[in-house]
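Encoded as structure tokens, the structure appears first; notes follow it.
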Amino acid sequence: MKKIIGTVLVLLGIGTGALVWKMHTDMPKAQEQLAAAAFLSEPAVLLENEGRLVVCSGTLEMTAPAVDGELNVTLPSPKVERLTERYENAGTAGKPKYEWRKVYSGALGSRKLVGEARLGTFVLAPELLETLPTPAFCQEFDGEELARAGLEMYSKLLGNERYLSRSKGNVRGALRFSYRISNLGGRQVTVKAIQKDGVLHPAPDQAPCVLEGILSREEVLKDSEESGAMGLATGAVIAALLLAAGIVTFCRG
């Protein structure tokens, strides 16, 4: 069994290393593309930039909040991640051990939800909104909306999570939901994206596409270079750790 686990870890390490190498070879091209992008003085649609990589800054305006249509809950953010958990037996039938476990599939599984947003005269594509970071838990909900949906809110004694559930307490099979939200709505951002028909789409090899604050051309290029270097270093460390763990585990098997 250990040899199998070791082999899997080694293969994962090799795969991660290959991705890191590809990132390394793609970085100069991505940096050249960014340097050749159209840096706009204001976020406005210009016909000569159609299909081009553009960089523009301004206030990210949420024009429609994200809505969880399956639970009928409106969230105060243009991008949300619903985290679903089920209370289930993680032990055995003879020795049960119930705990909350993440649910990723099914109609009510964890998923990303987006609303609508603009930057100047640009509309942000849903795929671009999906790239927004979600650093905080949503802590405020419409009480009347929750009542109509048959949901109740509760929280842990410690922690920032706020959970919604149709069940009271820890009941076997019960589902609970929490939401992580973006805090960039209404704030100043700089976006690297492809302009197409007045819509900003994610730019390949330019992650992160949305940066907080109004950044100059020099600052955008520097951030891209530093982000790429950090990604390479992190990927290399992960690849090395997977390989080392795999080799050790295989040898002990």
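When a residue number appears, it is its place in the shown sequence, counting from 1. Just so you know, these numbers come straight off a predicted model, no measurement behind them.
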Using modelled atom types only, decide if a donor and an acceptor are shared between the side chain of Ser182 and the backbone of Leu132 within a distance under 3.5 Å.
-> no
Taking only Lys NZ, Arg NE, NH1 and NH2, and the carboxylate oxygens of Asp or Glu, determine whether Glu99 and Arg86 approach each other closer than 4.0 Å.
-> no
Is NZ or CZ of Arg217 both nearer than 6.0 Å to the six-membered ring centre of Phe39 and within 45° of the ring axis?
-> yes
Considering non-hydrogen atoms only, spot the tightest contact between Asn49 and Ala38 and give its length.
-> OD1-CB, 3.5 Å
Spacing of Asp205 atom CG and Leu53 atom CG [to the nearest 0.5 Å] | 10.5 Å
Side chain of Asn89, backbone of Gly91: donor and acceptor closer than 3.5 Å?
-> yes
Is the shortest side-chain N to carboxylate O distance from Glu152 to Arg166 below 4.0 Å?
-> no
NZ or CZ of Arg176 within 45° of Trp100 ring axis and under 6.0 Å = yes
Donor-acceptor contact present, side-chain Thr63 to main-chain Glu116, <3.5 Å | yes
Using a distance-only test with no angle check, is there a side-chain donor-acceptor pair under 3.5 angstrom linking Glu81 and Thr134?
-> yes
What about Leu128 and Phe122, same hydrophobic cluster or not, with Ile/Leu/Val/Met/Phe/Trp/Tyr joined at side-chain heavy-atom distances under 4.5 Å?
-> yes
Mind checking whether Tyr179 and Val67 sit in one hydrophobic cluster, side chains of I, L, V, M, F, W, Y counted as touching below 4.5 Å?
-> no
Glu127 side, atom CD; Ile194 side, atom CD1 - distance, nearest 0.5 Å | 13.0 Å
If you look at every heavy atom in Ser57 and Ile214, which pair is closest and at what distance?
-> CB-CD1, 3.5 Å
If you draw a 6.0 Å radius around CD in Glu48, do more than 12 non-hydrogen atoms from other residues or ligands fall strictly inside?
-> yes
Ignoring hydrogens and geometry, is there a side-chain-to-backbone donor-acceptor pair from Thr190 to Gly213 under 3.5 Å?
-> yes
Taking Pro78 as the fixed residue, which of Met62, Glu61, Arg118 is the one that meets the side chain to side chain contact (heavy atoms under 4.5 Å, CB included) rule?
-> Met62
Shortest non-hydrogen separation from Asn160 to Phe137 and the atoms involved = O-CB, 3.7 Å
Side-chain donor/acceptor of Ser216 to backbone N/O of Glu219, under 3.5 Å = yes
Main-chain N/O of Val103 paired to Ser110 side chain as donor or acceptor, under 3.5 Å = yes
Under 3.5 Å donor-acceptor, Lys192 side chain and Gln206 backbone | yes
Between atom CG of Leu119 and atom CD of Glu42, what is the distance when rounded to the nearest 0.5 Å?
-> 11.0 Å
For Lys196 and Gly51, indicate whether the former's side chain and the latter's backbone hold a donor-acceptor pair under 3.5 Å.
-> no
So, Lys102 and Glu85, do they make that salt bridge, N to O below 4.0 Å?
-> yes
Atom pair SG/CG of Cys56 and Leu46 - distance to nearest 0.5 Å | 10.0 Å
So, for Ala107 and Arg82, which heavy atoms are closest and what is the spacing to 0.1 Å?
-> O-NH2, 3.5 Å
Can you hop from Leu71 to Leu175 via hydrophobic side chains spaced under 4.5 Å?
-> yes
Please report the shortest heavy-atom distance between Pro133 and Leu184, naming the atom on each side.
-> CD-CD1, 4.0 Å
Linking I/L/V/M/F/W/Y whenever any side-chain heavy atoms sit under 4.5 Å apart, do Leu151 and Leu108 land together?
-> yes
How are the rings of Tyr98 and Tyr87 set relative to one another: parallel (under 30°), tilted (30 to 60°) or perpendicular (over 60°)?
-> parallel
Side-chain (Asn72) to main-chain (Ala149) donor-acceptor, under 3.5 angstrom | no
Would you confirm whether Arg52, through its side chain, and Gln195, through its main-chain N or O, come within 3.5 Å as a donor-acceptor pair?
-> no
Applying side chain to side chain donor-acceptor pair (under 3.5 Å), run through Glu145 and Thr74 and close with a yes or a no.
-> CA-CA 8 Å; Glu145 188 176 63; Thr74 304; 2.8 Å; yes
State, to 0.1 Å, how close Pro202 and Cys209 come at their nearest heavy-atom pair, and which atoms those are.
-> CA-SG, 4.1 Å
Kindly work out whether a path of hydrophobic side-chain contacts (I/L/V/M/F/W/Y, heavy atoms less than 4.5 Å apart) joins Val54 to Leu34.
-> no
Check ion pair Arg162-Glu140 (N to O, under 4.0 angstrom) | no
